[in-house]
Every structure is written in C-alpha cells, then in structure tokens.
Amino acid sequence: MEFRIALLPGDGIGPDVLEQAVKVLKAIGNRYNHSFQFTEYLVGGVAIDQVGQPLPPETIDGCLTSDSVILGAVGGPKWDDLPGDQRPEAALLGLRGKLGLYANLRPAVLHNALRDACPLRPDIASKGIDIMVVRELTGGMYFGDRGRRQGPMGQEAWDTECYSVEEVERIARTAFEIAMKRKKKVTNVDKANVLESSRLWRSIVLEVAKDYPEVELDHLYVDNASMQLIRIPHEFDVLVTTNMFGDILSDEASMITGSIGMLPSASLGKGKLGMYEPIHGSAPDIAGQDKANPIATILSVAMMFRYSFDLEEEATAIENAVTKVLEARYRTGDIMSEGMTLVGTKKMGDLIVEAL
Ligand code: NAD
C-alpha cells in the first residue's frame, strides 16, 4: 500500500524522536511492502521563528491532504513569554480543531521489563496494566462558554460544561469500536450524581451500548474512578470520558506505567486521518543531545497502523520489537536502572529496527 505521511517535528526533542519513528516506518515498509511519501511541515516554535505563526496554513493543508500525521512536540522557553494564542502550544488545539480530531486515545501499558518503574505495590503491578483511555477532545469545559462578571461578593469567573448528543454519541462509538478489538469491556466515567451534562452523557453511552451487545459496560463516578485506577488497574480495559475528566485520568493512568518517554497517543476524527504523537513535551533540557527516549513516538506509529490504516500485523510487529529491545535490557536515560545497557536516541531507534 502507499501512504502519504505529514511529519511535524516541531521543537526540542521533537525532531530527535521523529527521526527514529521514520526509520521504523521505513523498516516496516520494507518488510510488509508499503511505500511512504513523507512531507515535513512547520509547527510550533520553529514555525513562529520561520514564518511568524505556530500553525501556518500550509501545515494545515498538508495534514488535510495526507493519510496520517505524526507530530514530535512543540514549545520551549524561547517562546514562553508570548501571549497564549501565539505560543507554540496553540498549534496543538488548532490542529485538533482543523483536522476534526475529537477522540484522544492514550494507552497506558505496563511493560513487563519496566515493572520496577511502576509506583504501585508489586502485588498490584504484577497483575499487569493495559488500559486505553478514550478522552473526548473538542468539547466540554475546555471549549464551553466562559467569562468574568461582577457578583454580590465581588468578581466571579465561570466555565461551562456542555455536551451535545452528537458529541457524546461519536466518542462513545469510538470507545466501543476499540473495545471490540480488545477485551470487550468499556468503563464509562462521569459525574452523573451531580452534573446534568453527565446525566445526558451517561444516557447516550447506554444507548450506543445497545449496538455492541458483546461489550460489557460499567459506569464509575470520576472520583471513584481515580481511586480504582490505583487499586485495581488490571480490571480496566477501555475507559471513556469527557475532555476534562480524561485530561486528569489519562495522566494518572500513564503515571502508573512508568516513564513519560514510553507513552504514545492518537487523536482521531470521523475519517481515517489521525494525528499520532508522544504524550511528552519538547524536553528542552535534553534536546539535540541524543538522550531522548524515542519509544513513545515509535509506539505512536504502531497506533497509526492500527487505527488509521487497519494494519494490525504491522502495529503488533512494532510493539513486539519494542518489547524485545527492552527485554534485551537496553534503556535510554529516563528508564535506566542497574544492570541495564544505556543507549542514546539513535541507537534505541536502530535496535528497534533490528528487532523488526
Ligand atoms: P516535558 O514532557 O517536555 O519534560 C518533562 C521531563 O521529562 C523533562 O525532564 C524531560 O527531559 C523528560 N522527558 C520528556 N520526554 C522525554 C523523553 N522522550 N525521553 C527522556 N526524557 C523525557 O514537559 P515540560 O518540561 O513540562 O515541557 C517542556 C515544553 O514542552 C513546554 O514548552 C511545554 O509547553 C511543552 N509541551 C508540549 C507538549 C506537546 O507538544 N504535545 C506536551 C507537553 C508539554
């Protein structure tokens, strides 16, 4: 098959880790007979420096005419004093909106070889962790009405949580579809005991569930969910929730699996076009020093094969190659421990290509 891939390296370690992801893509191309046409576009601080804005129109057009998008990371101290809407990070919201990416998928997997990095008790960690957090990405409180006003007790501020039936329906469907490819269990997380928006949310999730009789569905209030993630993480499969709850719970889920340098993500919309990126930032402290862990970006490429291209074998091959290299005791600095072999960004990329 032939694929057009938009590459958005961005800032800091973005280019370092993206280079390794491209190596892995080329290796997959050779092994499975796919060809890739790569085009690089500007995004983030580097785009501000070169063309005066964090998300140039050419980048949006380039992404929209590609089969998929891979992003490194954006941001850095150089651009920290710019106003919010002109900062590199504004490009991320812009891309999600322009590409219509309403579903954010963040897997939290505890690799056997990295079990020591899990901050939970060994008897809990030993049961394994493999959770997919499905977070709504373009609605809710982060996009709702907000403002400030003068109230009886002085100045007040408000933000609004608002969800339409359509917004809930499409994210619920995404979660059930993903569950069908996994262990067929969905946990819906809301606050239906207090919030009207959550009551609508839950009723729609229940409606959508009727189309997926094979999938087991349960519901947790968000406060309880945050406790159960720590107490019984092995009992979760797919967790679906709102933009704000998902923001918080996906960070909690990823923390229990160890290093930030290991965690991939996917943002999906209606069609096949998706944006794939590591969850970490641009790590300016180690940029360009061959120290960044490229695994999060490489695992994001695996997600791209699974969710945008429906090529499960290629996705699994990448994930197995990563596991093999970790089991061979190779580590980048962020996941280094005694008795392991320390390698740099490039070497880690090469080892994963070799394992493929
Ligand atoms: P960060 O994720 O960049 O770094 C946090 C810490 O983790 C640092 O010590 C860093 O060295 C380490 N780290 C991160 N990724 C690593 C990797 N792959 N390998 C090894 N170590 C890694 O978060 P931050 O320091 O809060 O933010 C730095 C910049 O990145 C800021 O400008 C922030 O706004 C931006 N940011 C961008 C994104 C994104 O592009 N999606 C996400 C978060 C933060």
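The basis for the numbers below is simple: all heavy atoms, side chains too, and nothing from hydrogens, waters or symmetry mates. Both counts, for ligands and for their atoms, begin at 1 and track the order of listing.
Aromatic ring pairs are classed by plane angle as parallel below 30°, tilted from 30° to 60° and perpendicular above 60°; the pair Phe309 and Phe305 is perpendicular.
The 4.0 Å heavy-atom shell around ligand 1 contains residues Ile13, Ala73, Val74, Gly75, Gly76, Glu89, Leu92, Ile260, Gly261, Glu277, His280, Gly281, Ser282, Ala283, Pro284, Asp285, Ile286, Ala292, Asn293, Asp334, ordered by chain and number.
Here the straight-line distance linking atom CE of Met132 with atom CZ of Phe236 works out to 15.0 Å at 0.5 Å rounding.
In this structure Val208 satisfies the side chain to side chain contact (heavy atoms under 4.5 Å, CB included) test together with Glu169, Ala172, Arg173, Phe176, Ile204, Tyr212, sequence neighbours excluded.
Of the listed residues (Arg148, Arg146, Arg149), just one forms a salt bridge (Lys or Arg N to Asp or Glu O under 4.0 Å) with Glu156, and that residue is Arg149.
For residues 265-274, the set of pairs meeting the side-chain hydrogen bond (donor to acceptor under 3.5 Å, both in side chains) definition, not counting sequence neighbours, comprises Asn104-Ser267, Lys272-Asp310.
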Anything under 3.5 Å between a donor and an acceptor, one on a side chain of residues 274-295, the other on a protein residue two or more places apart or in another chain? List them.
from: Tyr276; atom 1: OH; to: Ser308; atom 2: N; distance (Å): 3.3
from: Tyr276; atom 1: OH; to: Ser308; atom 2: OG; distance (Å): 2.7
from: Ser282; atom 1: OG; to: Gly75; atom 2: O; distance (Å): 2.7
from: Gln289; atom 1: OE1; to: Lys291; atom 2: NZ; distance (Å): 3.2
from: Gln289; atom 1: NE2; to: Asp285; atom 2: O; distance (Å): 3.0
from: Asp290; atom 1: OD1; to: Thr345; atom 2: N; distance (Å): 3.0
from: Asp290; atom 1: OD1; to: Lys346; atom 2: N; distance (Å): 2.9
from: Asn293; atom 1: OD1; to: Ile295; atom 2: N; distance (Å): 2.9
from: Asn293; atom 1: ND2; to: Gly261; atom 2: O; distance (Å): 3.4
from: Asn293; atom 1: ND2; to: Thr332; atom 2: OG1; distance (Å): 3.3
from: Asn293; atom 1: ND2; to: Asp334; atom 2: OD2; distance (Å): 3.1

